[in-house]
Amino acid sequence: MKIQDLLLKDAMIMDLQATTKEAAIDEMIARYHQVGVVDDVNNYRDAILKREAESTTGIGDGIAMPHAKVSSVKKAAVLFAKSDQGVDYNALDGQPVHLFFMIAAPEGANNEHLQALSALSSLLINPDLVTALKKAQTPDEVQQLFSDAQAKKDVEEQAREAEQAAAAAPKAQEQATNPYVVAVTACPTGIAHTYMAEAALIDEAKKMNVDIKVETNGSEGVKHQLTAAEIERAAGVIVAADKKVEMARFNGKPLLNRPVIDGIKKPHELIQTVVDGKAPLYTTDESAASKDDGNTKSAGSQLYGQLMNGISNMLPFVVAGGIVMALSFLIERFVGDQSIWYTFPNQIGNAAFSFLIPVLSAYIAEAIGDRPALMPGFVGGYMASQATMSILPSKSPAGFLGGLVAGFLAGYTVILMKKVFKNLPKTFDGLKPIFIYPILGLLIVGALMYFIVDPVFGMINHGITAFLNNMGTTNAVVLGALLAGMMAIDMGGPFNKAAYVFAIGAFETTQNGALMAAVMVGGMVPPLAIAIATTFWPNKWTQQERNSGLSNYLLGISFITEGAIPFAAADPLHIITSSVIGAAIGGGLTQLMHVNVPAPHGGLFVIFLANNPFGYLISVVVGAVIAGVMLGLWKKPLVEKTK
């Protein structure tokens, strides 16, 4: 596929009228909808805003590249837009944006589409092309500029590949005078910044007479994968990435670990630092060992990231296993507990659920200590899920809390071992990941779990279980309101996840879905409140917000709290406050009416699995209406905002 096939002439906007970031995004999305690239404006806009919330796509030098890969995109395309007056887009350099490239990729984009998108992205680091694009007056001119730039780049690429092949020959390696550097680039979406960083590093290395090989971790998967020989030969490593990449292979090498935008904007600085021997030595002694002081994450951020690695890998087991198990309970009402129609789905659901704690622990450990920590984390989590694997006879396993501790114990045990054995002769390097770390890690984590963690947290878990089972109505209402309110505070953030994990832990321990009902209602209220407020108070919202508000009806009943995030980001005081109040009331009502939902996801679509479907529905409706009315009355009309 040629770049011209992606740069649709009909979609180009040569005189963008918007003056703000939000208006520019809306204007470009409207054009996409007009030419048939996007069929669901709200879905695509939400994906664009979610990407912008991670980090601005205004990369500097007057360029912005908003992008998203979602099902609402019907065909891969790139919309070019030019603004003569410039748009305040919150770009990294603080300057107005004049050139926009809005990338739309369908969820099922094939490699041909992705390769063309990456090729186009990589061209934008060419300053001559950027200057010419700012002067372009017609869509034909834009397409021709890219066509010429791609042809020139193809010739240069062929020459570079020939040089690399020659440099790889044994004689050439012996006689090589140029420094050799390897790099990895990656961004969360993998369709723009990944390849721009690759191109910037390659071009800058050529100017500096430095040989370089860049591995890309993009939507196409891993390309130009670095070999062990190339890593060994390199003077150092540059990792320009905003997502996790395989790091253990770089153990013992000088390494810079920076955001992907630095690969685009600061290639000279990165390469020069490595060539000068000023990059810190990377070891796997700790999860962030290679971070520069200016880029080191706070302890809290690291802890949250490690926990989320465990939770995100656990969720498929929670959702699939929990819903299949809940369906079996529904079937049991009609066929009894001896029918295969009940026992078959029930056993499958239970099998999936039995992996919750081991998977949680394993991937927390892996986020801390990389792959060597995965196995001891998994075993520690399994021990936490079994009441019998303790020195003391326990009435209850260590459960979720013990599993969390097991994950962190395994991760930091491996890090400690890496520090202890770092001075072993290099000949033992191959034995460390195969024998030393797995065997010692298993023994240490197993001993800590058997003698300390399982007995202590078994008693704690037993106490929590007894409290939940014997909790009076008043205490239940307070706890349900608290958990539901937490679901609405940050709508997918740490508070939301903490409440959800607590409810999952209670459900896994007691097999009682009362608290699941509370958190489910709490998660449904924010998007439903926005939908109600935009419907009944339309004069207080823009047309785009009203359109997005309609989609929040579906998102709300589906238990997708994130549908409220774009609204909360624009007006946190009104949105979050009203949502928390409505969610807390709805969550409290579930406990007052003794609602039990034995499914960990699904929103109103699992209403018939509840023991009290009517009470579940009433809790959702009351919470959403209170929050929606409060928001609608509280928020000022648009005319007042502009005065």
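No experiment lies behind these values; they were computed from the predicted model shown.
Between the side chain of R45 and the main chain of I29, no donor-acceptor pair closer than 3.5 Å is present. Remark: side-chain polar atoms of R546 are paired, donor with acceptor, to backbone N or O of P538 under 3.5 angstrom. A donor-acceptor pair under 3.5 Å links the side-chain atoms of N461 to the main chain of P397, judged by distance alone. Using a distance-only test at 3.5 Å, with no hydrogens or angles considered, no donor-acceptor pair links the side chain of S579 to the main chain of I576. In this structure a side-chain-to-backbone donor-acceptor pair under 3.5 Å is present from N611 to H594. Distance alone, capped at 3.5 Å, places no donor-acceptor pair between the N552 side chain and the L528 backbone. Judged by distance alone, the side chain of S578 and the main-chain N or O of I575 form a donor-acceptor pair under 3.5 Å. Formation of a donor-acceptor pair under 3.5 Å by the Q591 side chain with backbone atoms of A481 is not found in this model. Proximity of a side-chain donor or acceptor of W541 to a complementary backbone N or O of N547 within less than 3.5 Å is not detected. In this structure, the side chain of H33 engages the main chain of V38 through a donor-acceptor pair within 3.5 Å.
Applying the side chain to side chain contact (heavy atoms under 4.5 Å, CB included) test between Y44 and each of D39, V70, V37, L49 identifies V70 as the sole match.
At a threshold of 4.5 Å between non-hydrogen side-chain atoms, the residues L327 and P345 do not count as touching. No side-chain heavy atom of F614 sits less than 4.5 Å from a side-chain heavy atom of I607. A heavy-atom distance below 4.5 Å is found between the side chains of L604 and M524. Side-chain contact between V519 and L515 is absent, with no heavy atoms from C-beta onward closer than 4.5 Å. Between I415 and Y412 the shortest side-chain heavy-atom distance falls below 4.5 Å. Taking 4.5 Å as the limit, every side-chain heavy atom of T474 sits out of range of all side-chain heavy atoms of V477.
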Show me the donor-acceptor pairs within less than 3.5 Å that the side chains of residues 333-341 make with the rest of the protein, sequence neighbours left out.
unit_1, atom_1, unit_2, atom_2, d
S339, OG, W341, N, 3.1

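Within the model, atoms CE of M593 and OH of Y616 stand 12.0 Å from one another, a figure rounded to the nearest 0.5 Å. For the atom pair CE (M520) and NE2 (H601), the distance works out to 8.0 Å, reported to the nearest 0.5 Å. Put simply, CD1 on I357 and CD1 on I504 are 11.0 Å apart, with the number rounded to the nearest 0.5 Å. L440 contributes atom CG, which lies 6.0 Å from atom CE of M417 (distance to the nearest 0.5 angstrom). Taking CZ from F408 and OG from S361, the interatomic distance works out to 9.5 Å, rounded to the nearest 0.5 Å. Taken from OG1 in T590 to CD1 in I585, the straight-line distance is 12.5 Å, to the nearest 0.5 Å.
Checked against the 6.0 Å centroid threshold, F400 and F457 do not count as a close aromatic pair.
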* What's the verdict on side-chain contact (heavy atoms from CB on, under 4.5 Å) for M383 and Y450, showing C-alpha distance, side-chain angles and the deciding distance? -> CA-CA 8 Å; M383 293 179 70; Y450 188 80; 4.0 Å; yes
* Starting from the C-alpha separation in whole Å, work towards a yes-or-no answer on side-chain contact (heavy atoms from CB on, under 4.5 Å) for N596 and N612. => CA-CA 7 Å; N596 184 320; N612 182 359; over 6 Å; no
* Asked: Step by step, would you call V501 with I311 a side-chain contact (heavy atoms from CB on, under 4.5 Å)?
  -> CA-CA 8 Å; V501 167; I311 291 173; 3.3 Å; yes
* To do: Using the side-chain contact (heavy atoms from CB on, under 4.5 Å) rule, take L360 and I364 through it: C-alpha gap first, then chi angles, then the decisive distance, then the call.
  => CA-CA 6 Å; L360 173 73; I364 289 174; 4.0 Å; yes
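Annotation for P527 and A564: closest pair N-CB, 4.0 Å, computed over non-hydrogen atoms. Across all their heavy atoms, A384 and M449 have their closest contact at CB-CE, 3.8 Å. Nearest approach of A398 to D454, heavy atoms of both residues: CB-OD1, 3.3 Å. Taking all atoms of both residues into account, the shortest heavy-atom contact from P372 to P376 is O-CD, 3.4 Å. The minimum heavy-atom distance linking K75 with V73 is given by the pair O-CG1, 3.2 Å. Closest heavy-atom contact between G582 and V525: C-CG1, 3.9 Å.
Taking the six-membered ring where tryptophan is involved, the planes of F507 and F353 are perpendicular, since the angle between them exceeds 60° and thus also 30°. Note on ring orientation: taking the six-membered ring where Trp is involved, the planes of Y342 and F329 are tilted (angle from 30° to 60°). Using the six-membered ring where Trp is involved, Y500 and F559 have ring planes that are tilted, between 30° and 60° apart.
Between the side chains of N350 and N346, a donor-acceptor pair is found at a separation under 3.5 Å. Using a 3.5 Å distance cut-off with no hydrogens or angles, the side chains of T535 and Y553 do pair a donor with an acceptor.
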